[in-house]
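Take a look at the structure set out below.
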Amino acid sequence: MGESATSRDFIRMIIDEDLRTGKNDGRVMTRFPPEPNGYLHIGHAKSICLNFGIARDYAGLCNLRFDDTNPAKEDVEYVDAIKEDVHWLGFDWGDREYFASDYFERLYAFAVQLIRQGNAYVDSLTPEEIREHRGTLTEPGRESPYRERSMEENLDLFERMRNGEFEDGAHVLRAKIDMTSGNINMRDPTIYRIRRLDHHRTGNKWFIYPMYDFAHALSDMIEGITHSVCTLEFEDHRPLYDWFLDTLRTPCHPQQIEFARLNLSYTVMSKRKLLQLVEEGFVRGWDDPRMPTISGLRRRGYTPEAIRDFCDRIGVAKKESLVDVALLEHCLREDLNRRAPRFMAVLNPLKVVLLNYPEDQVEMLDAINNPEDPSAGTRKVPFSRVLYIEQEDFRENPPKQFFRLSPGREVRLRYGYLITCVDVVKDKTTGEVTELRCTYDPATRGGDTPDGRRVKGTLHWVSAPHALEAEVRMYERLLTVEDPSEETAGRSFKDFLSPESLKVLTHCRVEPGLADAVPGTRCQFERMGYFCVDPDSAPGKPVFNRTVTLRDTWAKIEKSLTREGTRN
RNA sequence: UGGGGCGUCGUCAAGCGGUAAGACACAGGUCUUUGGAACCUGCAUUCGGAGGUUCGAAUCCUCCCGCCCCAGCCA
């Protein structure tokens with residue numbers, strides 16, 4: 001059962017009640033029903049965690065079912081990607097991998113039954129005429145002149161639709177319900193349309209394809225789903241869902257329950273918009289590390305554990321909400337902090353020469369792999385006379401509260417020595433600082449101070465002759481506004497794309513120990529953040545993606561300092 | 001002017017007639033060889049609003065206000 005500490009969501013409360021009253025013989029069965037027309041994103045992860053989580057908590061089962069009723073939009077590329085993503089997230093559907101298209105023959109038979117019962121008819125109005133007959137939100141619709149066709153004629157026409165005798169749009173099969181209903185979904189909804197198109201699974205076998213409402217309700221029923229969880233926008237489809245099952249007097253009747261889909265700040269989530277980002281080249285593909293897709297998050301370095309934790313924490317309710325992306329990042333950091341091995345990497349190198357360090361000496365110093373996990377052990381890091389430190393760790397004129405390196409000041413090199421800056425070398429023409437001359441204190445090997453003196457700053461570094469050159473891709477949020485759905489006055493989300501969402505650093509220097517890291521490897525670069533080896537890496541030439549920064553107290557201080565400065 | 005939903009802290013979210021959990025964010029502090037992590041403290045006299053019922057209401061009733069979804073032969 002679910003955790004006692006966290007209260008249960010309204011869906012689990014419904015299931016508790018169903019179990020208490022003995023509904024469904026105590027069986028709990030859910031399904032995750034993606035349409036294979038795009039890649040899964042973090043919003044789908046919420047649904048996946050919900051559906052598979054319910055099955056796990058109630059000792060039930062969750063099926064994976066592809067809702068592949070529209071061959072115009074679907075593709076096997078997507079079904080493969082979806083399977084990979086669900087597995088990667090940590091869920092397993094066993095052998096229960098289903099496709100709505102597997103049920104086409106049975107769905108057809110159900111449609112015939114509706115015709116025989118007088119509950120469906122073939123309509124030969126044009127799409128435009130159907131729209132005109134539908135009425136509006138405030139005015140009732142009008143019945144189609146074809147509504148009272150005889151059962152024989154309907155049967156004949158429907159069979160000929162199946163046989164491919166008509167062009168697209170010539171006829172549709174409609175449920176005969178109520179053209180005056182306040183719920184537009186009940187105004188004789190279309191249940192089959194002609195599509196002379198090959199389907200990615202059934203090939204050229206079918207000329208007609210069922211619509212979502214019909215196929216979904218019956219697929220749920222066929223699989224014996226007990227609780228059919230979907231998002232809010234299907235709320236007013238529920239009467240139709242129930243109508244199909246009631247009218248066809250099916251042996252079981254799943255219960256549709258709707259919850260609010262996930263919205264994340266600074267993120268677009270609709271498949272349509274994500275597709276646009278991909279197709280119009282704003283990102284490099286569905287798995288671009290800036291994308292909120294599962295494959296993008298994976299490539300970025302997210303862990304499935306962090307995503308699952310996030311989904312647990314956001315809860316499930318019917319209120320439409322905008323979740324702060326900071327929560328997702330928090331979950332990630334919490335997970336990575338525990339498990340990511342630490343390394344030193346200098347992203348923007350600044351050369352440091354230790355004047356009093358022997359010319360040819362190299363020492364192998366001990367470094368802790370993960371302070372959160374003693375079992376991770378230690379490693380050796382080479383130290384020599386010429387080093388690199390981070391450019392931002394030196395300031396010629398340090399602002400107050402800056403306690404990193406500056407002329408005359410002493411800092412610690414992590415696991416190394418205490419050094420003091422004695423000279424600054426600059427480029428004569430640009431004035432840019434190109435090198436620092438420092439002295440080191442031989443008594444402070446490892447970073448200890450035998451005399452007990454305190455140094456406020458500890459910097460990461462890398463030995464110049466030993467360092468490995470690497471490319472690091474720095475990501476920022478893709479969008480500049482919290483809620484890109486607030487498209488005002490003809491502005492689209494594309495107007496809010498951040499020009500700084502990707503910055504590539506090509507001459508970074510990392511510890512030599514990272515030379516053999518394989519793609520997907522996650523680590524922390526001390527003081528800089530968490531990073532993940534990208535598939536674009538070549539042997540000896542690694543490429544890293546910045547997964548997420550560390551919490552940066554200094555950045556906040558500096559920000560408030562500049563605010564103060566501009567105010568004065 | 002139709003139908004269906006939703007309104008509790010900046011953001012999520014518990015609460016189900018007995019006197020507002022928790023998380024993130026934010027602000028302070030302790031500690032620290034990552035300005036990381038960890039730890040401590042603070043953060044809704046009030047639940048969209050107004051009436052009403054009750055000894056007692058975020059929870060029940062009435063009215064009002066606001067927001068979201070629906071007029072695909074998409075899902």
Side-chain angles (χ1 to χ4, degrees), chain A residues 5-9 13 33-35 37 67 69-70 72-74 123 125-127 130-131 134-141 168-174 180-187 189-195 208-209 211-213 215-216 230-239 258 260 265 271-272 313-331 333-334 337-338 342 344 368 371-372 401-404 412-416 418 444 446-449 455-460 482 524-529 549-558:
Chain A
T6 57
S7 56
R8 39 193 66 219
D9 57 74
M13 292 199 310
E35 182 189 11
N37 68 342
D67 228 325
T69 56
N70 185 357
K73 294 185 174 177
E74 297 151 8
D123 195 0
L125 255 21
T126 66
I130 287 181
R131 193 182 338 113
R134 189 153 31 228
T136 69
L137 294 179
T138 51
E139 299 156 20
D168 286 12
H171 309 280
V172 290
L173 185 69
R174 292 229 255 168
T180 67
S181 174
N183 181 348
I184 290 176
N185 294 299
M186 301 299 271
R187 318 237 265 229
T190 301
I191 59 185
Y192 265 93
R193 77 291 214 187
I194 299 169
R195 279 275 179 285
I208 56 172
Y209 294 93
M211 299 285 287
Y212 163 83
D213 291 294
H216 200 85
C230 65
T231 44
L232 249 30
E233 68 270 28
F234 294 103
E235 210 146 16
D236 28 78
H237 291 238
R238 191 176 37 194
E258 312 85 12
S265 61
K271 277 195 212 170
R272 198 195 100 244
R313 293 201 203 202
I314 56 177
V316 178
K318 297 193 73 158
K319 185 174 73 172
E320 295 191 59
S321 59
L322 183 64
V323 177
D324 193 341
V325 72
L327 179 60
L328 212 211
E329 294 176 344
H330 168 81
C331 294
R333 289 193 185 101
E334 197 172 79
N337 176 50
R338 273 193 304 257
R342 266 122 249 228
M344 291 195 284
I368 293 167
E372 303 296 317
Q401 293 186 71
F402 180 89
F403 44 79
R404 276 113 97 142
R412 170 168 34 235
L413 294 182
R414 173 149 242 226
Y415 304 127
L418 268 58
T444 57
D448 299 312
T449 52
V455 262
K456 293 211 83 175
T458 297
L459 312 185
H460 62 276
E482 254 205 317
Q524 182 193 103
F525 289 164
E526 295 217 23
R527 306 207 305 135
M528 302 309 288
T549 60
L550 254 23
R551 262 190 69 225
D552 192 345
T553 308
W554 166 243
K556 277 182 194 167
I557 294 171
E558 196 175 31

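Note that the structure is predicted; figures quoted are calculated from it, not measured. Quick note on labels: first sequence line is chain A, next is B, and so on, each numbered from 1.
Listed pair A/H330 / B/C24 meets the phosphate criterion, a side-chain N or O lying under 4.0 Å from OP1 or OP2. Residue A/K318 places none of its side-chain N or O atoms closer than 4.0 Å to OP1 or OP2 of B/G7.
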Trace of the side-chain contact (heavy atoms from CB on, under 4.5 Å) decision for A/L459 with A/R404: CA-CA 7 Å; A/L459 312 185; A/R404 276 113 97 142; 3.5 Å; yes
Under the criterion side-chain contact (heavy atoms from CB on, under 4.5 Å), I'd like the reasoning laid out for A/V455 against A/L418: C-alpha separation, chi angles, the key distance, then a yes or no. CA-CA 8 Å; A/V455 262; A/L418 268 58; 3.9 Å; yes
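With the nearest nucleotide of RNA chain B identified for both A/S321 and A/G457, A/S321 has the one nearer the 5' end.
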Where along nucleotides 68-75 of chain B does protein come under 4.0 Å, by heavy atom, of base (B) or sugar-phosphate alone (S), with - for untouched nucleotides? SBBBSBBB
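At a threshold of 4.0 Å, the pair A/R414-A/E526 counts as salt-bridged, since one of the basic side-chain nitrogens sits closer than that to a carboxylate oxygen. Using a cut-off of 4.0 Å between Lys/Arg side-chain N and Asp/Glu carboxylate O, A/E334 and A/R313 are scored as salt-bridged.
Atom CZ in A/R527 sits roughly 14 Å away from atom P in B/A37 (whole-Å rounding). Per the geometry, CD1 belonging to A/I557 stands 13 Å off P belonging to B/C26, to the nearest Å. Protein atom CG of A/N337 is 14 Å distant from nucleotide atom P of B/G35, rounded to whole Å.
As judged by a 4.0 angstrom heavy-atom cut-off over every strand, A/E139 is placed among residues making no nucleic acid contact.
For B/G35, the base has a donor-acceptor partner in the side chain of A/R404 [N/O atoms by modelled type, under 3.5 angstrom]. With hydrogens and angles left out, the side chain of A/E372 and the base of B/G36 share a donor-acceptor pair within 3.5 Å.
When A/K73, A/R272, A/K271 are each tested for a side chain to side chain donor-acceptor pair (under 3.5 Å) with A/N37, only one passes: A/K271.
B/A27 and B/U41 make up a base pair, with Watson-Crick or G-U wobble contacts both under 3.5 Å. For B/C47, there is no paired nucleotide, since no Watson-Crick or G-U wobble pair has both relevant distances below 3.5 Å.
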Tabulated below should be each protein N or O lying under 3.5 Å from an N or O of nucleotides 27-31 of chain B; please produce it.
none

Each nucleotide N or O in nucleotides 39-42 of chain B that has a protein N or O under 3.5 Å away: list the pair and distance.
none

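Between the C1' atoms of B/G49 and B/C67, the separation comes to 15 Å (whole Å).
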